[in-house]
Number of protein chains: 2
Amino acid sequence: MLTTKLVMARNVEFNEEEAIQKAMEVFWKKGYSGTSLRDLTDAMKINSSSLYNTIGDKHELFVRCIKHYTAVRAAELKKRAALAQSPLNAVTNFINDAVTVIVEGNSCMAVKAAFEIAADDKVVQDILKEDNDFTHDFLRSLIAQAREQGELTGDDDPEVLTDYLVSMYTGWYESYIIHQDPIRIKKMGQYLINQISR
Amino acid sequence: MLTTKLVMARNVEFNEEEAIQKAMEVFWKKGYSGTSLRDLTDAMKINSSSLYNTIGDKHELFVRCIKHYTAVRAAELKKRAALAQSPLNAVTNFINDAVTVIVEGNSCMAVKAAFEIAADDKVVQDILKEDNDFTHDFLRSLIAQAREQGELTGDDDPEVLTDYLVSMYTGWYESYIIHQDPIRIKKMGQYLINQISR
DNA sequence: CTCATTTTGAAACAATCAATTCAGAATTAT
DNA sequence: ATAATTCTGAATTGATTGTTTCAAAATGAG
């Protein structure tokens with residue numbers, strides 16, 4: 001703390017988490033450069049002075065949003081895997097879930113952010129790296145467990161196999177944007193599961 | 001033609017292809033929304049009135065640029081494949097070339113455009129679809145030839161295998177932006193070649 | 001050369017951009 | 001209640017956005 005707060009005075013009116021959620025949805029859809037400050041304050045239902053007072057400028061807000069996005073996704077990944085019947089089942093669920101999300105027309109904010117800004121923005125790059133590392137480690141651990149339990153018999157380097165899996169999934173997003181073809185995505189998902197399972 | 005040109009009058013001073021090339025480089029680096037008209041006219045070394053007179057507005061210019069990008073890439077793909085010693089060799093060259101381009105720090109304008117604008121822009125989407133179809137058909141044909149000549153013995157659906165290959169390659173771009181790790185990309189390239197070759 | 005036509009450069013356009021200012025409303029401690 | 005402090009809303013900032021205007025320069029046809 002830089003200053004000691006002697007008097008509490010007025011409190012912030014808006015719910016910060018709800019506001020971040022709303023801002024995230026706008027950034028997710030329109031991208032960073034494509035989103036104006038008006039788009040944001042309209043969605044967040046706050047005045048720009050409140051935004052600059054509490055969160056900061058456009059870039060700081062974006063950082064908060066992408067952190068929120070990755071945090072929610074990591075939590076969902078853990079939760080979903082905990083429900084799986086076995087390590088292999090958790091991996092195939094992950095792949096099938098990815099297919100479902102994509103063919104329902106959803107995009108991925110992390111992927112969009114990677115291509116739009118991460119190359120020129122170390123702060124965002126680090127957040128995406130951390131998120132990617134988490135997913136990577138999580139899946140690799142599941143594959144290792146599946147092998148220990150005899151569910152998988154492959155002897156490929158699990159590090160590379162996981163990298164492969166995570167990269168593939170980014171390409172599916174692009175494929176669906178371009179071709180809008182659910183069958184293509186479903187077939188690739190099935191092919192990937194077969195390949196891992198052999 | 002809407003009007004018959006009775007008098008030639010003054011000719012356009014600037015070289016249109018060179019100007020498109022310059023504009024393409026700016027869009028490629030900064031994205032569509034991130035590029036201003038002044039960025040463009042500065043790079044193209046023309047006045048905005050000349051731009052609007054000959055090419056059109058910002059969106060039309062972008063369309064010209066992305067068309068130029070895909071056309072050049074398709075020509076390079078054909079040229080490179082023609083030099084290969086065999087169909088399988090052409091495919092492995094394709095993969096190794098992709099790895100080299102990525103680890104040298106280059107991005108792909110088509111991939112960036114797909115995530116930034118193709119979802120909301122049918123014109124751009126169609127251009128990217130056409131480009132993707134070309135690459136897809138080209139690689140699938142090479143895989144089919146390799147099988148006919150006995151270079152490959154796999155019996156996977158070549159359609160899915162090619163889709164897989166093209167999707168993978170998009171993920172590598174993201175991986176390199178996030179991790180900046182050449183070894184990861186090289187390992188994935190090698191793994192993909194092994195997998196196709198089996 | 002002269003005339004009709006086109007391109008060019010500089011200036012300007014309204015609109016929007018991200019960000020700031022500041023008076024007044026709100027709140028808590030005393 | 002009073003005082004100290006903080007937050008909010010409306011207005012406004014200067015800069016930049018994409019696009020247009022128009023007079024002057026350039027050029028080919030007759």
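By the 4.0 Å N-to-carboxylate-O rule, Arg140(B) lies close enough to Asp137(B) to be salt-bridged with it. The pair Glu18(B)-Lys45(B) fails the salt-bridge criterion, with no side-chain N (NZ, NE, NH1 or NH2) lying under 4.0 Å from an Asp/Glu carboxylate O.
Here the options are Lys29(A), Lys22(A), Lys30(A), the test is salt bridge (Lys or Arg N to Asp or Glu O under 4.0 Å), and the partner is Asp39(A); only Lys30(A) passes.
For Lys58(A), the listed nucleotide lying nearest its side chain is dA18(C); candidates were dT17(D), dA18(C), dC7(D).
Counting any heavy atom pair closer than 4.0 Å across all strands shown, Ser33(A) reaches no nucleic acid atom. Within 4.0 Å of Ser48(B), counting heavy atoms only, lies at least one base atom of the nucleic acid. Counting any heavy atom pair closer than 4.0 Å across all strands shown, Ser36(B) reaches sugar-phosphate atoms only and no base atom. Thr41(B) comes within contact range of no nucleotide atom at all, as no heavy-atom separation falls under 4.0 Å.
Taken over five-pair windows at either terminus, the axes of the helix from dA14(C)-dT17(D) to dT30(C)-dA1(D) are inclined to one another by 30° (rounded to 10 degrees).
Residue Ser50(B) has a polar side-chain atom (N or O) positioned under 4.0 Å from OP1 or OP2 of dT8(C).
Ring pair Phe27(A)/Tyr32(A) is parallel by interplanar angle, where below 30° counts as parallel and above 60° as perpendicular.
Hydrophobic cluster membership differs between Trp28(A) and Val72(A), with clusters built from Ile, Leu, Val, Met, Phe, Trp and Tyr side chains linked at under 4.5 angstrom.
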